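Notes follow once the structure below has been shown.
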Amino acid sequence: MTELDFLFVYEHKVRELENLCLMKYELDRRGYRTKIVYIDDAQNALAVKPVYHAKVLCTMACYNNHTLQWHAKDFVAFDKVIDLQWENIVYPKDEAREGAFKNYTEIGKDVARVSWGKQNEKRLLEAAHMDRRKVKLTGHVGMDFLRKPLSRYYLSREELFAKYGIPTDKKVILFASPYFGDNLEEAYIQDMCRRFGDNWTDYYRFMCESQRVVLGWMERICRQHPEYFVIFRPHPGHPSVMAKKLEEACGNFRIIAGESVKQWIVTCDKVYTGNSSVVVEAFFARKMCQLLFPLPVTQGFELKLISDSKKLTTFEQFAASVSAKEEEFPTPKESIEEIYLIDWETPNYIKFADMAEEVLRDDYYTLSRKQRTGFHGYGASTRIMKALCRVDAFYGLYQRLLENEKLQWGFLVSQRKLRGQVYEIEKAHAHELTSEQEIQEIIGKISRALRGGS
C-alpha cells in the first residue's frame, strides 16, 4: 500500500486536471507526497483492498456517503477529506433550501470544504449548517491560470490553432456551451429530478430548446460569414447531437472538447456562453464574453451571478456583437466579487496549499473510524466477502474461479458482469484518463510559467 499525504480524485479532465496539477506542484514543492487519479480508473475500481493510504483524500465533490463511495471505492483508505467542490455554484432555488442535494447529508456535513467566495460560504453555514472551521474560503484555483505569471502557461494562438487545424486567417468565435447533452437517458433525467426537483425536466427542455435556437444563430453566422470560424465547446461530459449535425453541414463550425475552457478563452477572438460561470473565467482573463439567452430561464435555475447581467436575446443582437469592436462586459464586477474571491495579491493555489497543510496537521479534521468505513453501506454478506478477498490466498482462488468460464455459478456470473461493467465505464470515458507522463508535462509547463521561462 502506497502512503500519501494527499490523493486527488478527478472526474472531468478538462475541468479539473490542470487545477489539480497546480495544487500538486505547490504541495510537492513543500515536500508532501501527492498523487492524482481518475475516478473511474478500472484498476482502482476493482481493487478489493486499499492501494493507497491517503492522510487527506481530496474529492471532486462529497454530497453524501454515496458520493464518497464513488470516489474511494475499496482502493483508498483515508483519514481526512477535503471536498474541492468544483460545482461551487448552485441553482438559486437551492441557495437556502436545507434539504437541497447540494446542501449535503451524511458524511457530506463533516468533511472540510473549499468555497470560492462569500455567497457559497454563506450557504454552507446557513443552509447546509456546516462547521465554520471546515468551510475554507480559498477562491478558485483555476483562476490563477488567467493572471500573471501563470497566464504564460497556455499555448499561443498559433500553437493551439495548428494543433486543431483551425485556420489562422479567420475570426474565431468560441461558444462555451452551458447545455447538458441533448440525448440524455430517462434514468439520468429522473436522477436529476430527484436531486433538484421535478421542474428540472422543464430546465432540461429549456436547455435543449435554447441550444437549438443558438445553433441556428451559429449556422446563420457561419453561412453568411465564411471569414468566421465557430468553435463549439460542449459542457464537460455532455456531447450534443444537434451540434454534431451542424458540424457535418458547415465547414467553419467545429466541436472541440479538448483543452480547458480557459485555453480557448485566452486565444479566441470572441467568447460567448449562457447560464454559466464561464463569464467569470473571461472576466479574470480580462477577455470580453457575452451571454446568449434566446429564451427566459426556467424559474429558479438562472444563476445568481447572471441575474443582473446584460443578455443577448435575438440573432440581430448576436450578429451585431460578433462584428462589434468595442463592447461592455455584461456582468457587473460586484456580482462576480460576491461569488468569487478576488485577490490580486495572493494566488488561490497558495491559499489552497496553506489550508491543505492545516487540515493535514490538525486532528480536528480527522474523521471517525465509523465515518471512514461506514460510507460504503455494505450489507453483512458483502462485508464478509470483501474481508475474505483481502486474504491473498482466498483472492487468488476467487480470481481463478472467475477466469474459468466453464463455471457458470450464479454468483460468478454476476461478478463477471459487474467487472465487465467497470471496464465498459472506463472504455466509454477513455478520454478522461491521464498518465503520470501527462501530469508531469503539465507540472513542467506550470513550473516554467512561474519561473518566467518559455
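Residue numbers count from 1 along this sequence. What you see is a predicted model; the values in this text were computed from it and never measured.
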Exercise. Determine, stepwise, if the pair K333 / E338 fulfils salt bridge (Lys or Arg N to Asp or Glu O under 4.0 Å).
Key: CA-CA 9 Å; K333 180 182 177 182; E338 185 179 358; over 6 Å; no

Quiz item: Parallel, tilted or perpendicular: which fits the ring planes of F284 and W344, with parallel below 30° and perpendicular above 60°?
Solution: tilted

Practice problem: Examine distances only and state if a side-chain atom of R152 and a backbone atom of A449 form a donor-acceptor pair shorter than 3.5 Å. | Solution: yes

Quiz item: At what distance, to the nearest 0.5 angstrom, does NZ of K304 lie from CZ of R123?
Solution: 12.0 Å

Self-check item: Candidate pair E121 and K118, rule salt bridge (Lys or Arg N to Asp or Glu O under 4.0 Å), full reasoning
Solution: CA-CA 5 Å; E121 181 184 52; K118 288 290 186 181; 3.5 Å; yes

Quiz item: Within the side chain of T273, is there an N or O that forms a donor-acceptor pair under 3.5 Å with the backbone of A176?
Solution: yes

Exercise. State whether the number of non-hydrogen atoms from other residues, nucleotides or ligands found under 6.0 Å of Q299 atom CD is greater than 12.
Key: no

Quiz item: CH2 of W116 to CG of L84: how many Å apart, nearest 0.5 Å?
Solution: 10.5 Å

Exercise. Begin with the C-alpha distance, continue with both residues' side-chain angles, and end with the deciding distance and a verdict on side-chain contact (heavy atoms from CB on, under 4.5 Å) for R113 and I82.
Key: CA-CA 6 Å; R113 180 166 283 111; I82 295 175; over 6 Å; no

Exercise. Mind checking side chain to side chain contact (heavy atoms under 4.5 Å, CB included) for K93 and listing every partner two or more places apart, or none if nothing turns up?
Key: Y91, R97, F196, N199, F301

Exercise. I would like to know whether I306 and V279 meet side-chain contact (heavy atoms from CB on, under 4.5 Å); could you show each step before the answer?
Key: CA-CA 9 Å; I306 301 295; V279 68; 4.1 Å; yes

Quiz item: Aromatic rings F206 and Y203: how do their planes relate, parallel, tilted or perpendicular, breaks at 30° and 60°?
Solution: parallel

Quiz item: Does a side-chain N-to-carboxylate-O contact under 4.0 Å join D354 and K351?
Solution: no

Quiz item: Between F175 and Y272, does the ring centre distance come in under 6.0 Å?
Solution: no

Quiz item: Just wondering, do W217 and P294 contact through their side chains at under 4.5 Å, heavy atoms?
Solution: yes

Exercise. Take N120 and S115, measure what side chain to side chain donor-acceptor pair (under 3.5 Å) needs, and give me the verdict at the end.
Key: CA-CA 6 Å; N120 188 62; S115 181; 3.1 Å; yes

Quiz item: Between the side chain of E424 and the main-chain N/O of G420, is any donor-acceptor distance below 3.5 Å?
Solution: no

Practice problem: Report yes if the side chains of L124 and Q85 come closer than 4.5 Å at any heavy-atom pair, otherwise no. | Solution: yes

Quiz item: Once you round to the nearest 0.5 Å, how far does CD1 of I265 lie from NZ of K270?
Solution: 14.5 Å

Self-check item: Within-4.5 Å side-chain heavy-atom neighbours: Y154 and T267
Solution: no

Self-check item: SB check E209 R205 (cutoff 4.0 Å)
Solution: no

Practice problem: Please check if atom CD in E248 has more than 12 non-hydrogen atoms from other residues, nucleotides or ligands closer than 6.0 Å. | Solution: yes

Exercise. Kindly write out the residues that satisfy ring-ring contact (aromatic ring centres under 6.0 Å, His included) with F8, not counting sequence neighbours, or none if the list is empty.
Key: none

Quiz prompt | Donor-acceptor contact present, side-chain D198 to main-chain C193, <3.5 Å | solution = no

Quiz item: Heavy-atom distance under 4.5 Å between the side chains of Y153 and L450, does that happen here?
Solution: no

Quiz item: When you check the gap from the basic side-chain N to the acidic O, do D269 and R157 get nearer than 4.0 Å?
Solution: yes

Exercise. Give a yes or no on whether E316 atom CD has more than 12 heavy-atom contacts from other residues, nucleotides or ligands under 6.0 Å away.
Key: yes

Quiz item: Tell me, which pairs form a side-chain hydrogen bond (donor to acceptor under 3.5 Å, both in side chains) where one or both residues lie in residues 276-287, sequence neighbours left out?
Solution: none

Practice problem: In plain terms, say whether R15 and E87 are close enough for a salt bridge, that is, a side-chain N and a carboxylate O under 4.0 Å apart. | Solution: yes

Practice problem: Please report the shortest heavy-atom distance between A128 and K109, naming the atom on each side. | Solution: O-NZ, 2.6 Å

Self-check item: Aromatic ring pairing Y38/Y10, orientation class (parallel under 30°, perpendicular over 60°, tilted between)
Solution: tilted

Quiz prompt | Check: Y349 and N19 side chains under 4.5 Å, non-hydrogen atoms | solution = no

Quiz item: Would you say E18 and Q263 make side-chain contact, with heavy atoms under 4.5 Å?
Solution: no

Quiz item: Side chain of D182, backbone of S240: donor and acceptor closer than 3.5 Å?
Solution: no

Quiz item: Is it true that K102 and E95 have a side-chain N and a carboxylate O under 4.0 angstrom from each other?
Solution: no

Practice problem: Rounded to the nearest 0.5 Å, what's the gap from CD1 on I36 to SG on C58? Could you check? | Solution: 10.0 Å

Quiz item: Just wondering, are more than 12 heavy atoms of other shown residues or ligands nearer than 6.0 Å to CD in E337?
Solution: yes

Quiz prompt | Non-neighbouring partners of W70 that pass ring-ring contact (aromatic ring centres under 6.0 Å, His included), sequence neighbours left out | solution = none

Exercise. Any chance you could lay out the side-chain contact (heavy atoms from CB on, under 4.5 Å) test for R132 and L125, step after step, and finish with the verdict?
Key: CA-CA 7 Å; R132 181 174 290 276; L125 296 175; 3.4 Å; yes

Quiz item: So does H66 have more than 12 non-hydrogen atoms from other groups sitting under 6.0 Å from NE2?
Solution: no

Quiz item: Can any side-chain N or O of D83 pair as donor or acceptor with the backbone N or O of C62 at less than 3.5 Å?
Solution: yes

Exercise. Examine distances only and state if a side-chain atom of H238 and a backbone atom of P234 form a donor-acceptor pair shorter than 3.5 Å.
Key: no

Self-check item: Approximate separation, where rounding is to 0.5 Å, of L17 CG and E432 CD
Solution: 10.0 Å

Exercise. Using a strict 4.0 Å threshold on nitrogen-to-oxygen distance, state whether R30 and E26 make a salt bridge.
Key: yes

Quiz item: Can you tell me how far NZ of K24 sits from CZ of F6, rounded to the nearest 0.5 angstrom?
Solution: 11.5 Å

Self-check item: cation_pi(K311, F293) dist<6.0 Å, angle<=45
Solution: yes

Exercise. List the steps, then state whether side-chain contact (heavy atoms from CB on, under 4.5 Å) holds for I231 with V172.
Key: CA-CA 7 Å; I231 294 172; V172 181; 3.6 Å; yes

Quiz item: Would you say Y204's side chain and L184's backbone share a donor-acceptor pair under 3.5 angstrom?
Solution: yes

Exercise. Please identify each residue that fulfils ring-ring contact (aromatic ring centres under 6.0 Å, His included) with Y228, with sequence neighbours left out.
Key: H225

Exercise. Mind telling me whether W86 and H140 have parallel, tilted or perpendicular rings, with 30° and 60° as the class edges?
Key: tilted

Quiz item: So, does N88 use its side chain to make a donor-acceptor pair with the main chain of I339 at under 3.5 Å?
Solution: no

Practice problem: Report yes or no: does N65 contribute a side-chain atom to a donor-acceptor pair with the main-chain N or O of I107 at less than 3.5 Å? | Solution: yes

Quiz item: Distance under 6.0 Å and angle within 45° of the ring axis: does K80 meet both against Y365?
Solution: no

Quiz item: Tell me the side-chain hydrogen bond (donor to acceptor under 3.5 Å, both in side chains) pairs involving residues 164-179, sequence neighbours left out?
Solution: Y164-E259

Self-check item: Salt-bridge criterion met for E438 and K13 (N-O under 4.0 Å)
Solution: yes

Exercise. Could you tell me whether E159 and K163 make a salt bridge, using a distance below 4.0 angstrom between a side-chain N and a carboxylate O?
Key: no

